[in-house]
Protein chains: 2
Amino acid sequence: MSELKDKDKKIARYAKALGHPVRIYVLNLLSEQSCCYSGDLSEKLPIAKSTLSQHLKELKDAGLIQGEIESPKIKYCINKQNWSEAQLLFKEFLNL
Amino acid sequence: MSELKDKDKKIARYAKALGHPVRIYVLNLLSEQSCCYSGDLSEKLPIAKSTLSQHLKELKDAGLIQGEIESPKIKYCINKQNWSEAQLLFKEFLNL
DNA sequence: ATTGTAGTTCGTTAATTTACGAACAAATGT
DNA sequence: ACATTTGTTCGTAAATTAACGAACTACAAT
């Protein structure tokens, strides 16, 4: 009855955050262009802006992105530190 | 209003399957020892066997593992083809 | 025929996720 | 002051997820 390792929990936490097409889309975009506004995404995605906001919040809560106020907009960027951690964890997990 | 790409959906689908510590644990084990039985896992994990069965089913449904009957046990292995696909997709996605 | 083993399926419950529109907040522009 | 822009939060509903124990199925062994 060994307990689950923190590393397993961490990977699962990141994976869960990646577990929706919209969130994959957002991260893909951010890895290409480093930053974006919610409005940019809202134009391109076929979902309500409140739903998008929820997805962004989840990515934020998982630590994968961060928002910076640029009134009246909010500029979203990759959270580089955590993104690196996620890359490392997945790389190891996937034997890449 | 571009539609989400199939590739994004595929990555999200795999990521979702990875989104629980127990499932990470199982896949980790299977990448080490290639095969295992549900009982092996049940001994090691602090969850009910029915719950484990559910997690295995999810991994199966996502295509990441496959079960082979070896009465009265079931031998679980990585689904190599889909695992390779997942590796490739994540590798690309994560810029590894 | 009966028992035992291995694991799944069922029934249930609680929590989480996804989605929407409406209402709201903050800051800028008029 | 007031409207506009940008995005979040609220309230709600439907669907999915996670967990358990009990009941079940399939096969092997006695």
Side-chain angles (χ1 to χ4, degrees), chain A residues 1-4 8-27 29-30 35-77, chain B residues 1-4 8-27 29-30 33 35-77 79:
Chain A
M1 277 303 177
S2 71
E3 212 19 81
L4 288 160
D8 288 350
K9 290 184 192 167
K10 232 172 193 177
I11 297 176
R13 181 72 188 84
Y14 283 130
K16 197 175 179 187
L18 302 181
H20 192 288
V22 163
R23 299 195 290 265
I24 294 293
Y25 179 92
V26 171
L27 288 171
L29 194 75
L30 287 181
C35 288
C36 73
Y37 300 97
S38 179
D40 302 348
L41 298 165
S42 198
E43 281 170 28
K44 290 174 197 153
L45 292 168
I47 57 172
K49 66 194 174 124
S50 56
T51 304
L52 175 59
S53 198
Q54 266 183 81
H55 285 301
L56 292 172
K57 179 168 160 38
E58 282 193 53
L59 288 173
K60 232 189 304 176
D61 290 348
L64 291 172
I65 66 171
Q66 57 200 148
E68 191 188 328
I69 295 173
E70 263 190 21
S71 278
K73 300 185 182 184
I74 294 176
K75 188 171 74 175
Y76 283 105
C77 309
Chain B
M1 278 302 176
S2 71
E3 211 21 79
L4 288 160
D8 288 350
K9 290 184 192 167
K10 233 172 192 175
I11 297 175
R13 181 71 186 85
Y14 283 129
K16 198 175 179 186
L18 302 181
H20 192 287
V22 165
R23 299 195 291 265
I24 294 294
Y25 179 92
V26 172
L27 288 170
L29 194 75
L30 287 182
Q33 66 180 54
C35 287
C36 73
Y37 300 98
S38 179
D40 302 347
L41 298 165
S42 199
E43 280 170 29
K44 290 174 197 154
L45 292 169
I47 57 172
K49 63 193 174 126
S50 56
T51 304
L52 175 59
S53 198
Q54 263 184 81
H55 285 302
L56 292 172
K57 179 167 159 40
E58 281 193 54
L59 288 172
K60 231 189 305 175
D61 289 348
L64 291 172
I65 66 171
Q66 57 200 150
E68 191 188 329
I69 295 172
E70 262 190 21
S71 277
K73 300 187 182 184
I74 294 177
K75 189 171 73 176
Y76 283 104
C77 309
N79 180 320

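Labels below follow one simple rule: chain letters A, B, ... track the order of the sequence lines, proteins then strands, and each chain is numbered from 1.
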Exercise. Would you say the side chain of Ser50(A) and the base of dG21(C) hold a donor-acceptor pair, judged only by whether the two atoms sit under 3.5 Å apart?
Worked result: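 Yes, a donor-acceptor pair under 3.5 Å.
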[X] side chain N/O closer than 4.0 Å to the phosphate oxygens (OP1, OP2) of [N]?
X: His55(A); N: dT17(C); result: no
X: Thr51(B); N: dA19(D); result: no
X: Ser53(A); N: dT8(D); result: yes
X: Arg23(B); N: dT17(D); result: no

Atom [atom1] of [X] and atom [atom2] of [N]: how far apart are they, to the nearest Å?
X: Leu59(A); N: dT18(C); atom1: CG; atom2: P; answer: 11 Å
X: Ile65(B); N: dG7(C); atom1: CD1; atom2: P; answer: 12 Å
X: Leu4(A); N: dA18(D); atom1: CG; atom2: P; answer: 13 Å
X: Lys57(B); N: dC10(C); atom1: NZ; atom2: P; answer: 10 Å
X: Glu68(A); N: dA27(C); atom1: CD; atom2: C1'; answer: 16 Å
X: Ile24(B); N: dA18(D); atom1: CD1; atom2: C1'; answer: 16 Å
X: Leu52(A); N: dC20(C); atom1: CG; atom2: P; answer: 10 Å

Calculate, to the nearest 0.5 Å, the distance between atoms [atom1] and [atom2] belonging to [X] and [Y] respectively.
X: Ile65(A); Y: Tyr76(A); atom1: CD1; atom2: OH; value: 6.0 Å
X: Leu56(A); Y: Leu41(A); atom1: CG; atom2: CG; value: 6.0 Å
X: Ile74(A); Y: Ser53(A); atom1: CD1; atom2: OG; value: 7.5 Å

For this session: Answer with base, sugar-phosphate or nothing: what part of the nucleic acid does Lys73(A) contact at a heavy-atom distance below 4.0 Å?
Result: sugar-phosphate
Exercise. Touch check for Glu58(A), heavy atoms < 4.0 angstrom, all strands: base, sugar-phosphate only, or nothing?
Worked result: sugar-phosphate
For this session: For Lys16(A) and for Lys75(A), locate the closest nucleotide of DNA chain D by heavy-atom distance; then report the residue assigned to the nucleotide nearer the 5' terminus.
Result: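 This one resolves to Lys75(A).
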Exercise. Between dT8(D), dA19(D), dG7(C), which nucleotide gets closest to the side-chain atoms of Ser38(A)?
Worked result: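 The closest nucleotide is dT8(D).
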For this session: Can you figure out which of dC20(D), dT8(C), dT6(D) approaches the side chain of Pro72(A) most closely?
Result: dT6(D)
Exercise. Of the options Arg23(B), Lys16(B), Arg13(B), which is the one that meets Glu58(B) in a salt bridge (Lys or Arg N to Asp or Glu O under 4.0 Å)?
Worked result: Arg23(B)
For this session: May I ask you to test the Leu59(B)-Asn79(B) pair for a side-chain heavy-atom distance under 4.5 Å?
Result: no
